[in-house]
Protein chains: 2
Amino acid sequence: MSSATLTRQERIKQRSAERRERSRQKTRQAILEAAIRMFEREGYEGFSLRQVAENIGYTPTTIYLYFKDKDDLLFAVCSQGFTEFNQALQAAYAAHSNPLERLKALGWAYLEFGLSHPLHYQMMFMQRAEWVTKATNTKGDTEGANAYIIQMNAVIEAMKAGVIRMGDPIETTNLIWSGIHGIVSLALSMKGIVPKWEESEVRRLVEDYFQMLTRGLQP
Amino acid sequence: MSSATLTRQERIKQRSAERRERSRQKTRQAILEAAIRMFEREGYEGFSLRQVAENIGYTPTTIYLYFKDKDDLLFAVCSQGFTEFNQALQAAYAAHSNPLERLKALGWAYLEFGLSHPLHYQMMFMQRAEWVTKATNTKGDTEGANAYIIQMNAVIEAMKAGVIRMGDPIETTNLIWSGIHGIVSLALSMKGIVPKWEESEVRRLVEDYFQMLTRGLQP
DNA sequence: GACACCAAATAACACTGTAAAGTATATTGA
DNA sequence: TCAATATACTTTACAGTGTTATTTGGTGTC
């Protein structure tokens, strides 16, 4: 509507600005993708700005034109992990209608994410767990379903269905979440070090946990 | 017996060597204590060899005469945390004779250690959890009661007493341990960030957990 | 007193993140 | 088309990190 009132020069200027902005987002994305590759190879401690820069043929300082500092870039990497995590849990939620099955499916999806993205999981929930809230706030409402909300909804539904006893939804969600997180985080830490924490054993542990949970939270 | 066969010179030489060794252990201890202070102030990421050295008036390289590298010193710091942790759990164990009470007391002691030694806990069980086994192996048999064994014993006793159902002791111990660890680690991560994870809430969560556990693991 | 040993310090290397200043290239307005 | 300007990127530099090889200075031994 307002474009009709613009002169040719103004229109050109605007399109040019848009084009530059696109280009800017493109190189920003290139940096981010390189950072993700880097992170998935080196992990949290080995992650280095200079290596990321070298990897895509930029000078280290160039990164600062697109990200505030190392933490900002690392948060962007983390953030990408959160959207993937959210999607995984969203899918697990959508795949079942039975409240109890949903609850279990969420647990399994949680475990699966952790086992298949160990470095991401460790950053997201162990090294920089503060970012959990920051990520959900930043992501905007469009993203919608964040993992915690999904889990809490599943808990609420399970309560309503009489599968688990009534109680503060947040408290109950935190309780259930803690258990799974405990298993997953220890599994990642102990993998390859303590025999009892190999993948098959971990799955059995999750089964045990569900059993304890359903019995223990029975109405 | 063999000292009788030594000449005076040999005896002097030996005592001299002992004295030097004592002095050596003393400065080693001084470095370690400085490192612990440093760590408790700066945490895992902020911990720096050069700062430790400066703190006790040594050159950074001197530390390498007493510790293999940064990791070695950090492990020593960690190790001290493990002995304190073990003692805390040992005390909790000894303070009760009722199997269920023992189990709960161990959980509370676990939580208490985490809340009162957050930086140590994070290194011991989150950043460098691989060291859990290394620590128990290194410590020697004299140290005796390591926390995991204590917990497993409590589990076994609870099984025998019919408080919780029979099962693989290791598996059950891991299950219980995971839950507590999940709560404690999330509590430390979320403290001061997410309101629902303040100390009082965390204690309530542990209570909930015990309730779920005793019901869920009922024979 | 000459010698060997040993704790500690110096000097140096290869890294790290980050800030300030400089340099082309591209875009704009006349 | 040309000078001014804005943008993208590099160069340079600083302060810090862990770590190794070399050198110093004092101590105990013969």
Side-chain angles (χ1 to χ4, degrees), chain A residues 6-32 34-35 38-39 41-77 127-128, chain B residues 6-32 34-35 38-39 41-77 127-128:
Chain A
L6 295 177
T7 74
R8 160 175 261 119
Q9 286 212 345
E10 282 169 333
R11 287 199 306 272
I12 291 179
K13 186 175 177 181
Q14 185 178 324
R15 301 274 306 266
S16 169
E18 286 169 8
R19 185 172 47 87
R20 261 182 301 124
E21 179 60 19
R22 270 203 313 276
S23 153
R24 186 181 158 75
Q25 289 305 324
K26 204 171 165 185
T27 80
R28 194 193 130 99
Q29 189 62 23
I31 294 174
L32 179 53
M38 180 89 239
F39 176 80
R41 183 148 30 89
E42 301 288 342
Y44 183 75
E45 303 216 328
F47 183 83
S48 144
L49 273 190
R50 294 179 112 103
Q51 278 186 57
V52 171
E54 187 181 0
N55 223 288
I56 49 177
Y58 279 130
T59 271
T61 53
T62 300
I63 295 183
Y64 286 83
L65 300 174
Y66 298 90
F67 296 90
K68 185 179 163 293
D69 53 16
K70 187 187 182 184
D71 246 38
D72 191 32
L73 177 54
L74 221 34
F75 175 74
V77 174
Q127 277 115 337
R128 305 305 292 269
Chain B
L6 296 176
T7 72
R8 160 176 260 115
Q9 286 210 345
E10 283 169 333
R11 287 201 303 274
I12 290 179
K13 188 174 177 183
Q14 185 179 322
R15 301 274 307 265
S16 169
E18 286 169 8
R19 185 172 46 92
R20 260 182 303 127
E21 178 60 19
R22 269 203 312 278
S23 153
R24 188 182 156 74
Q25 288 305 325
K26 205 172 166 185
T27 80
R28 194 193 130 99
Q29 188 62 23
I31 293 174
L32 179 54
M38 180 88 240
F39 176 81
R41 183 148 30 89
E42 300 289 342
Y44 183 75
E45 304 217 329
F47 183 82
S48 145
L49 273 190
R50 293 179 113 103
Q51 278 186 57
V52 171
E54 188 182 0
N55 224 290
I56 49 178
Y58 278 131
T59 269
T61 55
T62 299
I63 295 183
Y64 286 83
L65 300 175
Y66 298 91
F67 296 90
K68 186 179 164 292
D69 54 15
K70 186 187 182 184
D71 247 37
D72 191 32
L73 177 55
L74 222 33
F75 175 74
V77 174
Q127 277 114 337
R128 305 305 293 267

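Basis for what follows: all heavy atoms, side chains included, without hydrogens, waters or symmetry-related copies.
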Give the rounded distance in Å between these two atoms: CG of A:Leu65 and P of C:dA20. 14 Å
Straight-line distance of A:Leu65 CG to A:Thr59 OG1, nearest 0.5 Å: 10.5 Å
Rounded to the Å, how far apart are A:Asp69 CG and C:dT16 P? 17 Å
Tell me the interatomic distance from A:Arg20, atom CZ, to C:dT25, atom P, rounded to whole angstroms. 18 Å
For a quick test of reading the model: is some side-chain N or O of A:Tyr58 closer than 4.0 Å to OP1 or OP2 of D:dC9? yes
So does B:Thr61 reach the base of C:dT10 with its side chain, donor to acceptor, closer than 3.5 Å? yes
Distance check: side-chain N/O of B:Thr62 vs OP1/OP2 of C:dA9, anything under 4.0 Å? yes
Would you compute the distance between atom CD of B:Glu45 and atom OH of A:Tyr44 and round it to the nearest 0.5 angstrom? 4.0 Å
Side chains of A:Phe47 and A:Val52, heavy atoms from C-beta outward: is any pair under 4.5 Å? yes
For B:Phe67, report the nucleic acid contact type (base, sugar-phosphate, nothing); a contact means any heavy atom under 4.0 Å. nothing
Contact class for A:Tyr64 vs. all strands (heavy atom < 4.0 Å): base, sugar-phosphate, or nothing? base
Between A:Tyr66 and D:dC9, is there a side-chain N or O to OP1/OP2 distance below 4.0 Å? yes
Whole-Å distance between D:dG18 C1' and B:Asp72 CG? 14 Å
What about B:Arg50: does its side chain form a donor-acceptor pair under 3.5 Å with the base of D:dG16? no
Measure the distance from CD1 on A:Ile63 to P on D:dT11 and round it to the nearest whole Å. 15 Å
CD (A:Glu54) with more than 12 external heavy atoms under 6.0 Å: no
Remember a base hit wins even if backbone is also touched, and classify B:Leu49 as base, sugar-phosphate or nothing at under 4.0 Å, heavy atoms. sugar-phosphate
Quickly work out the B:Arg28 CZ to C:dA7 P distance and round it to whole Å. 14 Å
For A:Glu45, report the nucleic acid contact type (base, sugar-phosphate, nothing); a contact means any heavy atom under 4.0 Å. nothing
Mind calculating the distance between CD (B:Glu54) and C1' (C:dA8) to the nearest angstrom? 17 Å
Show, in sequence, the C-alpha distance, side-chain angles and deciding distance for B:Gln25 and B:Gln29, and conclude whether the side chain to side chain donor-acceptor pair (under 3.5 Å) test is met. CA-CA 6 Å; B:Gln25 288 305 325; B:Gln29 188 62 23; over 6 Å; no
Which part of the nucleic acid, if any, lies within contact of A:Ser48, taking any heavy atom under 4.0 Å across all strands shown: a base, the sugar-phosphate backbone alone, or nothing? sugar-phosphate
Taking only side-chain N and O atoms of A:Gln51, does any of them lie within less than 4.0 angstrom of OP1 or OP2 on C:dC15? no
